[in-house]
Amino acid sequence: MDERLRRWRMVLGGDADGTGCSLAGTDAQMDGALAALYNGAGAGAGAAERSGGLGASAPRVARWLGDIRSYFPSTVVQVMQKDAVERLNLTRLLMEPEMLEAVEPDVHMVGTLLSLNRVMPEKARESARALVGKVVSELERRLVQKTKAAVTGALDRSARTHRPRRVADIDWDRTIRANLRNYLPERNTVIPSRLVGYGRRQRAVQREVVLCIDQSGSMAASVVYSSVFGAVLASMRSLKTSLVVFDTAVVDLTDQLHDPVELLFGTQLGGGTDINRAIAYCQGLITRPNDSIFILISDLYEGGVRQEMLRRVAQMTAAGVQVIVLLALSDEGAPFYDHDNAAALAAMGVPAFACTPDAFPDLMAAAIERRDIGQWAERRLERTAT
């Protein structure tokens, strides 16, 4: 069989009439798994005229989940699972243990499970926790080392001294800039009359970090990533880390940062949004404004008092707090967000942008060193575009 024809048949679906190509064996089984999800799916009314479908049987869906895991790589499986939940409304079946045991763990599935947390039967809760635990462990494996290295390096660099004890402690870039007036053209060199170096690592808390996370339904992936990063930051003695989640209510989950899985099950995705109320609470957590980083992770759709929210942000920045707004902390690309509120914050000098999990450690390093976060975000965007 012509390979190109076979591939087109797999892409287009349907029967052999369109391509003149029939499938057999594994190809036919793969096609059947795809047809159960995508055949007849479209926009508007056409989406309801699906010729395939997984039915309402949990065992049948569990078998389908097992099939796609054997036919496709995990990245494709995750996309198909997400599509199945959205297109075929499988949220009810996700409360069945046999379904959860067949699912490929990923961030999107964790978000879906967390949204069902309050209505999930006890028999499915253990399986759900196991799935969430797998995702958290994988994220920690991927992100912990980079985060700790970036943050530790930034803390060391932020502690400056004019009497470095070792040559290795000299910041040559800053030393040269501080001594440019001592440049000798005939020798093509700079005579350093003043050294600038890195200070010794301090054991005391050097920065306060407050993560304030919008737990509305659209922020599911951001909640998962933020919880993992919060746990990593909380494990570092040089940082005092707090984690607060909110919808119309505010919940302080700082005491659960030692256990990201338990922390995630303490969230409740969905509901309204009162950003002003959350910021008011977080203001009370900040005791050293000049050494504090406040990170608001939200799509900025405010259900509370908008002007009061903006006023509180202005108060924090005036007091010396470094305020950063992340419209999303996920790999999902450009998020939906309130452009008016983002523009109002930008006018105050508060950057608002989406950030991928892989970029977050570098963002924290830039914040600790008190670099211009707006410029950091622009350079990051330029590098991504090229």
Side-chain angles (χ1 to χ4, degrees), residues 75 78-79 107-108 139 142-158 160 171-178 180 196 198 207 209-214 218-226 228-230 232-233 239 275 292-301 310 313-314 316-317 320-386:
T75 52
Q78 291 168 12
V79 172
V107 169
H108 295 293
L139 291 179
R142 167 185 155 195
L143 300 171
V144 167
Q145 184 174 356
K146 182 179 180 181
T147 302
K148 287 189 173 182
V151 170
T152 300
L155 287 168
D156 289 346
R157 289 190 296 272
S158 66
R160 301 293 177 186
D171 183 339
W172 289 107
D173 183 57
R174 288 179 178 266
T175 295
I176 291 170
R177 280 187 285 168
L180 286 176
V196 181
Y198 305 126
R207 294 288 190 279
V209 178
V210 179
L211 296 173
C212 185
I213 308 167
D214 183 343
S218 61
M219 302 297 293
S222 298
V223 171
V224 176
Y225 283 116
S226 301
V228 173
F229 278 120
V232 176
L233 297 176
L239 301 177
I275 304 173
S292 295
I293 302 167
F294 174 68
I295 302 178
L296 173 65
I297 303 173
S298 173
D299 55 17
L300 296 179
Y301 286 106
L310 296 174
V313 172
M316 294 174 79
T317 57
V321 178
Q322 188 160 18
V323 179
I324 302 168
V325 175
L326 299 183
L327 304 170
L329 180 56
S330 70
D331 290 308
E332 296 175 341
F336 291 102
Y337 64 95
D338 189 306
H339 290 260
D340 291 338
N341 283 335
L345 290 168
M348 289 187 231
V350 175
F353 55 94
C355 180
T356 64
D358 287 337
F360 187 79
D362 292 335
L363 169 64
M364 284 302 306
I368 287 170
E369 295 178 37
R370 301 196 76 87
R371 286 184 260 152
D372 187 312
I373 300 301
Q375 291 183 5
W376 178 91
E378 288 178 7
R379 287 196 295 270
R380 188 90 192 183
L381 184 62
E382 289 172 359
R383 288 199 298 270
T384 303
T386 56

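- A donor-acceptor contact shorter than 3.5 Å links the side chain of R207 to the backbone of I368.
- Within the 4.5 Å cutoff, side-chain heavy atoms of T317 are placed close to those of V350.
- The CG atom of L211 sits 5.5 Å away from the CD1 atom of I297 when rounded to the nearest 0.5 Å.
- R371 and A365 get closest at one heavy-atom pair: NH2-C, 3.9 Å.
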Criterion side chain to side chain contact (heavy atoms under 4.5 Å, CB included) on F229 and L329, from CA distance to verdict: CA-CA 10 Å; F229 278 120; L329 180 56; 3.9 Å; yes
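- Note that OG of S226 is 10.0 Å distant from CG of L233, once rounded to the nearest 0.5 Å.
- Applying the side chain to side chain donor-acceptor pair (under 3.5 Å) test to every pair with at least one member in residues 347-366, sequence neighbours left out, gives these pairs: R142-D358, D362-R380.
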Test log, rule side chain to side chain contact (heavy atoms under 4.5 Å, CB included), inputs L363 and L326: CA-CA 11 Å; L363 169 64; L326 299 183; 3.8 Å; yes
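- Formation of a donor-acceptor pair under 3.5 Å by the D299 side chain with backbone atoms of F336 is not found in this model.
- Within the 4.5 Å cutoff, no side-chain heavy atoms of Q322 are placed close to those of F294.
- Counting heavy atoms from C-beta on, the side chains of L139 and V144 never come closer than 4.5 Å.
- Counting heavy atoms from C-beta outward, I295 and F360 have side chains that approach closer than 4.5 Å.
- Between V323 and L345, the closest side-chain pair of non-hydrogen atoms is not below 4.5 Å.
- Distance OG/S298 to CD1/I275: 3.5 Å, rounded to 0.5 Å.
- Using a 4.5 Å cut-off on side-chain heavy atoms (C-beta onward), H339 and L300 make no contact.
- In this structure the side chain of F353 reaches within 4.5 angstrom of the side chain of W376, judged on heavy atoms.
- Among all heavy-atom pairs drawn from L143 and P357, the shortest one is CD2-O, 4.1 Å.
- The shortest heavy-atom contact between A150 and P361 is CB-O, 3.6 Å.
- At distances below 3.5 Å, not a single donor-acceptor pair connects side-chain atoms of Y337 with backbone N or O atoms of Y301.
- By the side-chain hydrogen bond (donor to acceptor under 3.5 Å, both in side chains) test, D331 pairs with Y225, sequence neighbours left out.
- Here the options are V232, V151, I324, the test is side-chain contact (heavy atoms from CB on, under 4.5 Å), and the partner is M364; only V151 passes.
- Put simply, the side chain of V313 does not reach to within 4.5 Å of the side chain of V325, judged on heavy atoms.
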